[in-house]
Structure formats: C-alpha cells, structure tokens
There are 2 protein chains.
Amino acid sequence: MAARHEEIADELRQAIDRGDYRIGGTLPAETELATRYGVSRGTVRQAVSALAAEGRIGSRQGARRVVLGNRRSQSFAELRSFAQWARAMGQQASGRVLEQFRRPATAEDASRLQIEQGDEVLQVLRVRGLDGELVLLERNVYPEWMASAVESLPADCESVVQGLYDATGVIFAHGEHVIDAVAAGSQDARLLGVRRGSPLLRIRRVTTTHAGRPIEWSDDRYRSGSVSFAVANSIGSNPLIRRAAEE
Amino acid sequence: MAARHEEIADELRQAIDRGDYRIGGTLPAETELATRYGVSRGTVRQAVSALAAEGRIGSRQGARRVVLGNRRSQSFAELRSFAQWARAMGQQASGRVLEQFRRPATAEDASRLQIEQGDEVLQVLRVRGLDGELVLLERNVYPEWMASAVESLPADCESVVQGLYDATGVIFAHGEHVIDAVAAGSQDARLLGVRRGSPLLRIRRVTTTHAGRPIEWSDDRYRSGSVSFAVANSIGSNPLIRRAAEE
DNA sequence: AAGTGGTCTAGACCACCGG
DNA sequence: CGGTGGTCTAGACCACTTA
C-alpha cells in the first residue's frame, strides 16, 4: 500500500526506538541498507531523508549517518488540525463556538485572505479544550465562499477541518504560522480563566488549499503551560560560516 | 561551485520573487524545467523539493506545482545563530555577558547535556540586542569540555557560535527547540526592562555537534513584540483524513 | 586508500488530475 | 485520455571523512 521508501523509513524509526541503533551511534551505510531491504540506493536515500527532516538523524558527506534521538514531540513537520493533534497525543479535543457573525473584511482580512476590503467575511470565536481543560482561544476569519459551510457546523464540533471536508470537500493543505507571545486581554482572560495580562502563546496562521487559495486565517492563543511546540533543525551542509580574515 | 540543483533552486526562487510565476499560478512541468536547464529530471526534483520545504510551492501527484508565496520571514528551516540571523535581516547583533560561573550539573542539566549529575558545567547569563535594543535574555549551560573556550570569549562577543568555532573548531550542527510563553520573573523583568509578569516568548534549545554530542543548552526569553518566528507547513500527501464511517 | 554520502543521469512504470 | 508528479532502478563520478 504505502511506498517502499515509507515502509523502510518506518522500519528505521522503529529500529531506532527499539534501540537497535543507539543514540549517538551510526546507521549502516546506504549500500548496505539497500541490499538489506532489496531496493536501490535511491530508495534508501528517500527513506533516510525523511528521518533527517524529522531531526532523528544527521548526515554529512563522507561520514556515516548519526542517530540524534527518537523525537516524539508534536512538531510542525506536518500540518495537523487541533483534533488530529489531540488524538495523536491520546487526548480528546473539544470545542465550542461562542460568537459567529458576518462582517465586512478589514484591510488585514483582505490581505491575508486575498480578497477585497469590504467583502463579506465570517468571524468565529471558539474555545477549545483538551480532555475537558480549556487551553485555546481561536479567532477565525473565513472568506465568503466558506461561510455557509462553517455556519452549518454544530456549535460543539470536535474537528472543524474534518467537518468542512465532509461538507465541502475542501482540503486544508498548507499552513503558515507566525509565533509570538502576548499578554491576555480582558476577553482572553475571561474566556480562558486566566488573569488579565498573563502570558499567552499566540500563533497566527493562514491556511490554504492545494492551489494556495486561502481558506481561513486564525489567531490562536494558548494558555501558558498548556502546550508547547517543538522544532528540529540542522545547519545546511555548508562548512558553517566563512571564517573571518585573520588566521 | 554550488551544486547544480541549488543553482536551479535559486533561479526558481528569484523567478518567483520577480513575478515570472504568479502566486496561485503553476510552475512548468518537471520535464520542461529539465530540458530548459539542461539537467535530468532527478536534479529538477531536488531543486523543487527545496522550495517545497520552504513553503514556497506545493505539489500533489498528477497536478502541476503551485506557487504559494515568496516567504522571506525568519523561519526554522535552517539552524542559525542569533548573529547570523540578525545579519540576514540587516540588523546588528550585540551581546554582553552578565554572569558566568561553574557549578555542578543538576538533574536537568545532566539529562539535556547527556552527562552525569554533579559533573561540572558552566552557566552563562547573557543579554542580547538588535540594533542596540535589548530583545533577548539567554541562560546557557555548557558541558565541562566547552567551558574554557566559552570563558575565553570576550564579554561582549557578537557571535558566540563563530567565536567558539574559531577557538575550538566545534560546529553547531543540530538544534532542537521547544517553544512556549512564560511570564517575566523579577530577574527577567529587570534585565529586559519590562514589567514583572509581562509575557515573554521562551525557546528552550539543545544544540549538538554533527555526531549528536550536546554542546550547550539554553533558555532564551524574547521580549514580547521584538521578534516572532515563522513556520510553513503542508499536509502529508495522504488523501487527508480517513473519512468517518457513514457516507 | 578505502569507505561513505552527495550529485547526476537516463530510463521505466504507475497513480492521479485535468479537460 | 494525455500530461503530470511520485516512485524506483542501475549505474557513474566526485568530495569528504576516517583510519
């Protein structure tokens, strides 16, 4: 069913988790993995590059690949809805719509959703919880062509992305996220049950279809301590920085 | 000098920025790009997959690649030091060591740096600025084998990563970052010039060599409003979510 | 000097999208 | 249905690491 390179990537992930390859140790050479799995070297390279993108292994020309760790944290590697994310962590997502109304698009809405200022948009205010505990306040803005589908969702819809897919077939394919920290405003504080001015992790996000058409933009504010996000990183294969002149 | 696939990736990036390919439009087919650049299809695929990883283009089987945007924001795609990052944004990084002392490793230090509890570590408290404005408070912990090199850096060292590379040849190759929001403690507040309890963006980070050996771990606290981080995302090529049972 | 990953080629087949 | 991207192969050469 799955592509061979994905199967191999999975087997390698499991082997690392199982401890077959120690953290800090090396992976077998590409050619050896190729013969072991009965595939060509190119297929092996596809598999290991997936693990490298996840931050599990590192590589550099001339040296064996190194096992860096067995990450399991929720990362940004893949676009996931809140409900999917919760399920992957073994928790139950909940949600409730507090406000929902149509209004003309502001300049900010227009730029993010690639529509004209003054076009009708649908604004929604939702609170979301994990295993019953409130963690997130979501302010979403949808363009007019999504509005009626959103309005027809139940107010306590668990997975908005799934609901909109079922209703319209629209796929949330790409996301761009900007992360910072803000102080809770009075509405934030009241709805999340925190003190005014307390720190919130804010993620502003634009989501688009495969074709790059914006579906929504959102200002998500997470209660401090309730969630954190992880990112893994590697230097480009460049020989680091060009050294300064002297010596 | 650079690999052909990187040159092609650069040319495509410039072409997108120049507007040769409109946002929302499509890129030429792989085979056409291959003949145009005089390379094989595999090389073209290497180039476009770099753009996909940056969130500039999207792709799905059977359809032309779609131009999503021309991002320029500082993203996590590549591991960069604070100084490099500042330079890429056209700003001047500064830094100053406020405290620096050796102490025995706590359990937390030991786990993050993969050393034994009680081993000597070097703790450093730095403030860092962008164009003279204070934005960041850094609490670093280094293992013993890095300590003397760190101590020999000037107190106002602009680029710690560069300085340590020059002194020891150690390369900061991999990073893992955990992001959340916290309230400023009294020391944070005093040193960053904000009110106690005001929101800070916290990034806790472990950096390792190519071989996965931890070089340092750090608790970085950014003043709210001074910086934000961007991440681009795509859904796996999976046909989204498995639909629920009915219909 | 041998081993290893990085790059590149030329070709093949398939699954999927679009008109 | 033709065009497209996704997968896979078998081979080649090079740059780099390691011992």
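Convention: sequence-line order gives letters A, B, ...; per-chain numbering from 1.
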Quiz item: Considering only dT4(C), dT9(D), dC8(C), which nucleotide approaches the side chain of Thr43(B) most closely?
Solution: dC8(C)
Exercise. Would you give the length of the straight line joining atom CD of Glu144(A) to atom CD of Glu120(A), rounded to the nearest 0.5 angstrom?
Key: 6.0 Å
Quiz item: Between dG5(D) atom P and His210(A) atom NE2, what is the distance in whole Å?
Solution: 15 Å
Practice problem: Report the distance from atom CZ of Arg65(A) to atom C1' of dT17(D), rounded to the nearest whole Å. | Solution: 14 Å
Quiz item: Given that Gln46(A) and Gly62(A) both sit by DNA chain D, which one's nearest nucleotide is further toward the 5' end?
Solution: Gln46(A)
Quiz item: Under 4.0 Å between a side-chain N/O of Ser59(B) and OP1 or OP2 of dG6(D), yes or no?
Solution: yes
Quiz item: Closest to the Glu6(A) side chain: dA10(D), dG6(C), dT7(D)?
Solution: dT7(D)
Quiz prompt | Out of dG6(D), dT4(C), dT7(D), whichever nucleotide has its closest atom nearest the side chain of Gln61(B) | solution = dG6(D)
Quiz item: Do the side chain of Arg41(A) and the base of dG6(C) come within less than 3.5 angstrom through a donor-acceptor pair of N or O atoms?
Solution: yes
Self-check item: Whole-Å distance separating the CG atom of Leu27(B) from the P atom of dG6(D)
Solution: 12 Å
Practice problem: Please report, rounded to the nearest Å, how far the P atom of dA12(C) is from the CZ atom of Arg4(A). | Solution: 24 Å
Practice problem: Go through dC8(C), dT4(C), dT18(D) for me and flag the one nearest to the Ala63(A) side chain. | Solution: dT18(D)
Quiz item: Picking from Leu51(B), Val48(B), Leu33(B), what satisfies side chain to side chain contact (heavy atoms under 4.5 Å, CB included) with Arg65(B)?
Solution: Val48(B)
Self-check item: Residue pair Gln14(A) / Asp10(A), side-chain donor-acceptor N/O under 3.5 Å
Solution: no
Exercise. May I ask you to decide if Arg56(B)'s main-chain N or O and Arg13(B)'s side chain share a donor-acceptor pair within less than 3.5 Å?
Key: no
Practice problem: Could you walk me through whether Met146(A) and Leu122(A) pass the side-chain contact (heavy atoms from CB on, under 4.5 Å) test, one step at a time? | Solution: CA-CA 8 Å; Met146(A) 285 297 298; Leu122(A) 178 66; over 6 Å; no
Practice problem: Check every atom of dC8(D), dT17(D), dG6(D) against the side chain of Arg60(A) and return the nucleotide holding the closest atom. | Solution: dT17(D)
Quiz item: What is the distance, rounded to the nearest whole Å, between atom CD of Glu30(B) and atom P of dA10(C)?
Solution: 16 Å
Quiz prompt | Residue whose closest nucleotide on DNA chain D lies nearer the 5' end, Gly38(A) versus Pro28(B) | solution = Pro28(B)
Quiz prompt | Rounded distance in Å - OH (Tyr37(A)) to P (dT7(D)) | solution = 18 Å
Exercise. Pick base, sugar-phosphate or nothing for Arg45(B), based on heavy-atom distances below 4.0 Å to the nucleic acid.
Key: base
